[in-house]
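Here is the structure we will look at, set down as structure tokens.
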Amino acid sequence: NSGYGFLRPVEDSVYTHDVYFNFKDFQEGAGDIMRMRLDNALCKFHIRFTPDGKGQAKNIVVLEMPEHPALNSREGGATDANLTVHGVISTYKQDSGFGFIKCPKLGKDVWFPRRELPRDMISRDLRGAQVEFDLWVQGDEKPQARNIRIADSGIPNTGKSGRNLTVNDKVALWHAQEAARAGIATGGGPA
């Protein structure tokens with residue numbers, strides 16, 4: 001869930017220290033892997049040394065998953081609701097690695113981890129972005145968003161960081177979102 005971890009080199013490796021990795025360092029198309037428990041998975045990777053001499057894994061490829069079924073659980077207790085839902089990202093905390101999507105159809109906010117976002121969106125301010133996602137439900141009936149896709153209307157372009165929006169900007173953004181939901185073209189600002 002944190003988006004990072006450590007790789008332990010195999011016994012006959014020249015490099016003997018644990019190697020840090022970030023989920024962004026997996027090769028493209030590794031989305032399903034990010035949902036799996038990777039404990040004891042065999043991987044190959046390139047190593048990059050940071051200025052302080054610590055190793056960091058890059059271009060990680062999983063060669064072999066552990067055979068133990070509990071370790072190879074892909075979904076961590078969540079089940080697929082077989083439903084695609086639309087919503088607007090109301091909160092996204094890049095540093096913490098999670099956010100919430102306001103989903104009128106469900107009547108509640110839906111939690112998501114950053115690994116479910118498209119890679120090119122992870123470091124952006126996504127508040128107000130219209131998205132669609134696959135709905136999953138945790139055992140305690142808490143909804144989770146998986147496989148998040150940015151809708152065609154995309155991310156609101158305010159020209160400012162979300163933290164620095166003025167009240168007028170926020171009202172204009174809200175009006176634009178409401179108009180988009182209702183299918184009405186806006187006249188350029190709040191009414």
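Just so it is clear, the structure is predicted and the values come from calculations on it, not from any experiment.
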Side-chain donor-acceptor pairs of residues 53-62 under 3.5 Å, sequence neighbours excluded:
unit_1, atom_1, unit_2, atom_2, d
Q56, OE1, R48, NH2, 2.5
K58, NZ, D25, OD1, 3.1
N59, ND2, H46, ND1, 3.2

| field | D109 and K102 ion-paired at < 4.0 Å | value |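 Salt bridge present between D109 and K102.
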Hey, what do you get for [atom1] ([X]) to [atom2] ([Y]), rounding to the nearest 0.5 Å?
{"X": "L63", "Y": "L42", "atom1": "CG", "atom2": "CG", "answer": "5.0 Å"}
{"X": "E132", "Y": "N147", "atom1": "CD", "atom2": "CG", "answer": "9.0 Å"}
{"X": "K105", "Y": "T84", "atom1": "NZ", "atom2": "OG1", "answer": "9.0 Å"}
{"X": "W111", "Y": "E116", "atom1": "CH2", "atom2": "CD", "answer": "8.0 Å"}
{"X": "N82", "Y": "L135", "atom1": "CG", "atom2": "CG", "answer": "9.5 Å"}
{"X": "Q130", "Y": "I150", "atom1": "CD", "atom2": "CD1", "answer": "10.0 Å"}

| message | Quick check: is I47 connected to V10 through a chain of hydrophobic side chains (ILVMFWY, heavy atoms under 4.5 Å apart)? | response |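 Not linked; separate clusters.
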| task | Could you go through the side-chain contact (heavy atoms from CB on, under 4.5 Å) check for V110 and F133 one step at a time? | result | CA-CA 10 Å; V110 178; F133 56 91; 4.0 Å; yes
| request: Could you check whether the rings of F112 and Y92 sit parallel, tilted or perpendicular, using 30° and 60° as the cut-offs? | output: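 Judged by the thresholds at 30° and 60°, the geometry between F112 and Y92 is parallel.
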| message | Evaluate I148 against I101 for side-chain contact (heavy atoms from CB on, under 4.5 Å), listing each step before the verdict. | response | CA-CA 10 Å; I148 299 171; I101 300 170; 4.1 Å; yes
How close do [X] and [Y] get, heavy atom to heavy atom, and via which atoms?
{"X": "L106", "Y": "P143", "answer": "CD1-CB, 4.5 Å"}
{"X": "I89", "Y": "V131", "answer": "CD1-CG1, 3.9 Å"}
{"X": "A145", "Y": "P113", "answer": "O-CD, 4.1 Å"}
{"X": "P104", "Y": "H86", "answer": "CD-O, 4.4 Å"}

| Verdict with reasoning, D95 to K93, per salt bridge (Lys or Arg N to Asp or Glu O under 4.0 Å) | CA-CA 6 Å; D95 297 340; K93 299 182 181 219; over 6 Å; no
| task | Could I get the full list of side chain to side chain contact (heavy atoms under 4.5 Å, CB included) partners for D120, not counting sequence neighbours? | result | P118
| message | If you define the side chain from C-beta out and look only at heavy atoms, does anything of F45 sit under 4.5 Å from V19? | response |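 Yes, their side chains come closer than 4.5 Å.
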| Side chain Q94, main chain S123, donor-acceptor under 3.5 Å | yes
| task | Could you go through the salt bridge (Lys or Arg N to Asp or Glu O under 4.0 Å) check for D134 and R146 one step at a time? | result | CA-CA 5 Å; D134 300 333; R146 303 276 176 99; over 6 Å; no
